[in-house]
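Throughout, residue positions are numbered sequentially from 1 according to the sequence presented.
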Amino acid sequence: MAPIDRRALVDRYAVEVTEVDPRSPLSVGNGELCCTVDVTGLQTFPRLYDLGTMAQWGWHSTPPPDPAPTLADGVRRYDTPRGPVPYVDLADFDAATPGQRWLRANPHRLDLARIGLVVDGTSPDPVDLREARQRLDLWTGTITSAFLLAGTPFRVTTCCHPEVDALGFRVASPGRFAVRLAFPYGSESWHDAADWDSPDRHESVLHVPADGARIDRRLDEARFAVRVHVNAGATVRRTGPHEFLVETGAGVLELGVRFGVDPDPVTFTEALLASERWWPRFWSSGGVVEVDSSADARAPELQRRIVLSQYLTAIQCAGSLPPAETGLTANSWRGRFHLEMHWWHGAHLPLWGRAPLLVRSLDWYARTLDVARATARAQGYRGARWPKQVGPDGRESPSPIGTFLVWQQPHLIHLAELVRRSGDRGAVARYGECVLETAAFMADFAVATEAGYALGPPLVPAQESYYRERARVVNPTFELAYWAWALRVAQRWRVWSGSAEDPLWTAVADGLVRPTVRDGRYAAIGTPPWTVREDHPSMLYALGFVPETGVIDHGVMRATLHHVLADWDWPSAWGWDFPAMAMTATRLGEPATAVDVLLLDTPKNTYLPNGHNRQSDLLPVYLPGNGGLLAAVALMAAGWDGSPPTPGFPPDRWTVRHEGLVPAP
């Protein structure tokens, strides 16, 4: 069989834009830096679009209240089978103290700059834009935008350097135009990453070398610089406290805009050529799946989602930190990242043969291991306990939910194992300590009871609907299976790391309480109300997302799956739930169900023209959905150890070709 023509496949799904579509902006990025632009190829219409320029290192904190708050200020002790254990609780968001609010809001991710078009000395009006023709060339990672603005033709090229934090822009027009660079203060808002109403709280210092400008930025303790390179004949001048205009008397303006502590200049041409070299290598290596020649009419749409999700996760989820749920497009939860979502952002990378892109963020765990150890130690546990909602420093946030979640604990073990299975011979040496410390906490967290080793209380399961019951929740089905699988994997890592097996790890993995079954179906948790039919149907993920453990009865899980599909409250589900359910159906041997649920027609499973898995106005892009889709497709196409070929696609309606995928455990 001939190899898949990767370029032809990618080019078929290049994004074409012919109108102002505020819900579907385009982005360029490299995993560490991302810039989202409107139909002009710049950030000309920020009132219409969610437009950000964000970097993994771009964080800011406002000055703390006096006295400076600490996590100890909000500690509450919860009764557990082993005695009282302190948790950084926040019983009521509305009653939060100023210190608790500050701890939740800081640090926050910063919008680094707004880079927009100015025409005839004024900001353009979108009603004056006509004949838009914009294209995201996925094969080269570049955006070209052609349009008429107030009757004047423009052509803009936009790109991001793949190896340094630099953007490139080329604007060509016979009219009178300029490019404005504006810089905001940091915002503690849940969604907005920029505060444009506090000019006195930050500083922008302009230096003008011969080839452009350097703007030194100071926002409280945060410092960075913006190095602007321009082509011959262009100038940079200040037009406000934090606004600068780049102008040229010629018909072409080329900008290289680099961000960093002490950045050297990068030209537009350097950024463009680097992008045109890097992206073909990305698409030509790693995994590829081709399904769009299938008889099923939904196949081209699935193919589109597959291709665009690879691009979006590469530019937003492959940096040095675990990603935020909206990546580097816009803030959500103030840009802080959720470790229970890290699997959904990044597990597909080793499954698609691109493990080095996950390694970048997986290394963060080693850097913050001591913080996780301190959290476990403060609660009287061995090992390392990973938080939910954090910034780069690993400090958890006061919460009635996040500090009680546990399903992120096995993620590190799972992700490290996927990297190892991808062929990374150094994975055990690099992540062994983190894996073993994580497993030590997991084994110690489980409590021996007459019915077996139990999880909780207190506990909030993946299905967070039960958070008000956190003081009583025990033994969620999903977490029980995940605990067993991860501890067994960690035991192998322990041996590979040169230590003897830990008898407690085996005892816990083999002796966990059996999941609760009611009316022939798995309950979500082991206490009333048993199963609330909204949010994540998390009990399904005990088989599918979690490999075979022996904990789950396939017949009971099959009944549970079809009961969920019959009447679950889909508007309350989330984008990653649909690929997660597809994985469950695949492992149960129901490929038709897997495809149906992966492509279920419901708002939270919508993928916009730009590939964004939109959830709401505040979550205009939801990258766990994109990453989850790719993980599900890898399982459905390449299967797992000992599985039949393409176990997730019905052979009578689907023609599936794939290369470079790594089977799941």
Side-chain angles (χ1 to χ4, degrees), residues 26-37 40-44 53-55 57-58 112-118 134-137 139-146 154-174 177-183 204-217 224-238 243-282 315 328:
L26 302 180
S27 302
V28 294
N30 59 19
E32 200 70 13
L33 174 74
C34 181
C35 179
T36 300
V37 299
T40 68
L42 292 151
Q43 299 167 328
T44 306
T53 306
M54 296 186 179
W57 50 263
L112 299 178
R114 183 71 43 76
I115 306 170
L117 192 62
V118 173
Q134 186 176 51
R135 186 176 192 269
L136 169 58
D137 184 340
W139 190 257
T140 62
T142 58
I143 299 170
T144 54
S145 310
F154 283 83
R155 184 173 180 84
V156 178
T157 302
T158 310
C159 62
C160 179
H161 197 293
E163 295 165 349
V164 299
D165 293 341
L167 303 169
F169 303 94
R170 185 181 191 272
V171 184
S173 174
F177 69 91
V179 171
R180 176 187 290 120
L181 280 73
F183 302 98
S204 302
V205 178
L206 175 65
H207 308 275
V208 186
D211 57 357
R214 174 186 169 118
I215 302 163
D216 291 325
R217 297 279 293 130
F224 67 94
V226 184
R227 185 64 166 87
V228 182
H229 182 278
V230 298
N231 56 327
T235 60
V236 181
R237 63 183 176 90
R238 182 188 293 273
E243 291 190 3
F244 305 86
L245 211 60
V246 186
E247 301 169 296
T248 181
V252 175
L253 176 60
E254 293 184 350
L255 288 85
V257 185
R258 185 173 181 181
F259 302 86
V261 175
D262 187 19
D264 291 327
V266 168
T267 69
F268 163 77
T269 300
E270 288 170 340
L272 179 66
L273 292 177
S275 182
E276 291 175 338
R277 287 192 301 266
W278 191 90
W279 281 100
R281 292 198 298 268
F282 170 84
I315 68 172
L328 298 171

**Student:** OG1/Thr142 to CG/Leu136 distance, rounded to the nearest 0.5 angstrom?
**Tutor:** 7.5 Å
**Student:** Classify the angle between the aromatic ring planes of Trp279 and Phe282 as parallel (below 30°), tilted (30 to 60°) or perpendicular (above 60°).
**Tutor:**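 Trp279 vs Phe282 ring planes: perpendicular.
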**Student:** Are Pro162 and Arg277 side-chain neighbours, meaning at least one heavy-atom pair lies under 4.5 Å?
**Tutor:**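 No, every pair of side-chain atoms sits at 4.5 Å or beyond.
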**Student:** For residues Val228 and Phe244, determine if any side-chain heavy atom of one lies less than 4.5 Å from a side-chain heavy atom of the other.
**Tutor:** no
**Student:** Measure the spacing between OG of Ser275 and CD of Glu163 and express it to the nearest 0.5 Å.
**Tutor:** 10.5 Å
**Student:** Please check this pair: side chain of Asn231 against backbone of Val252, looking for a donor-acceptor N/O pair closer than 3.5 Å.
**Tutor:**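 It does hold such a pair.
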**Student:** List the atom of Ala225, the atom of Asp216, and the distance in Å for their closest heavy-atom pair.
**Tutor:** CB-OD1, 3.5 Å
**Student:** Give the intermediate values and the outcome of side chain to side chain contact (heavy atoms under 4.5 Å, CB included) for residues Thr158 and Leu42.
**Tutor:** CA-CA 8 Å; Thr158 310; Leu42 292 151; 5.6 Å; no
**Student:** As a quick check of understanding, evaluate side chain to side chain contact (heavy atoms under 4.5 Å, CB included) for Phe177 and Thr248, giving each step before the final call.
**Tutor:** CA-CA 8 Å; Phe177 69 91; Thr248 181; 4.3 Å; yes
**Student:** Please report the shortest heavy-atom distance between Arg217 and Val226, naming the atom on each side.
**Tutor:**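 Result for this residue pair: CG-CG2, 4.4 Å.
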**Student:** Can you check side chain to side chain contact (heavy atoms under 4.5 Å, CB included) on Leu181 and Val246, steps first, answer last?
**Tutor:** CA-CA 8 Å; Leu181 280 73; Val246 186; 3.7 Å; yes
**Student:** For residues 253-265, which side-chain donor-acceptor pairs fall under 3.5 Å, sequence neighbours excluded?
**Tutor:**
from   : atom 1 : to     : atom 2 : distance (Å)
Glu254 : OE2    : Arg170 : NE     : 3.1
Arg258 : NH1    : Asp264 : O      : 3.3
Asp262 : OD1    : Arg214 : NH1    : 2.8

**Student:** Could you check Val179, Leu272, Ile115 and say which one makes a side chain to side chain contact (heavy atoms under 4.5 Å, CB included) with Phe169?
**Tutor:** Ile115
**Student:** Tell me the closest heavy-atom pair linking Leu206 and Arg238, and the distance in Å.
**Tutor:**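 For Leu206 versus Arg238, the nearest heavy atoms are N-NH2, 3.5 Å.
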**Student:** Could you go through the side chain to side chain contact (heavy atoms under 4.5 Å, CB included) check for Ile215 and Ser204 one step at a time?
**Tutor:** CA-CA 6 Å; Ile215 302 163; Ser204 302; 4.0 Å; yes
**Student:** For the NE2 atom of His229 and the CG atom of Asp211, what is their distance to the nearest 0.5 Å?
**Tutor:** 4.5 Å
**Student:** If you round to the nearest 0.5 Å, how far is CZ of Arg114 from CD of Glu243?
**Tutor:** 10.5 Å
**Student:** Could you give the distance from CH2 (Trp278) to SG (Cys159), rounded to the nearest 0.5 Å?
**Tutor:** 14.0 Å
**Student:** Sequence neighbours left out, cut at 3.5 Å: what donor-acceptor pairs do the side chains of residues 27-34 make with other protein atoms?
**Tutor:**
from  : atom 1 : to     : atom 2 : distance (Å)
Ser27 : OG     : Thr36  : OG1    : 2.7
Asn30 : OD1    : Glu32  : N      : 2.8
Asn30 : OD1    : Leu33  : N      : 2.7
Asn30 : ND2    : His161 : O      : 2.9
Asn30 : ND2    : Val164 : O      : 3.1
Glu32 : OE1    : Ser320 : N      : 2.9
Glu32 : OE1    : Ser320 : OG     : 3.2
Glu32 : OE2    : Ser320 : OG     : 2.6

**Student:** Which heavy atom in Leu112 sits nearest to a heavy atom in Phe183, and how many Å separate them?
**Tutor:**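 Looking at all heavy atoms of both residues, the shortest contact is O-CD2, 3.2 Å.
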**Student:** CD1/Ile315 to SG/Cys35 distance, rounded to the nearest 0.5 angstrom?
**Tutor:** 10.0 Å
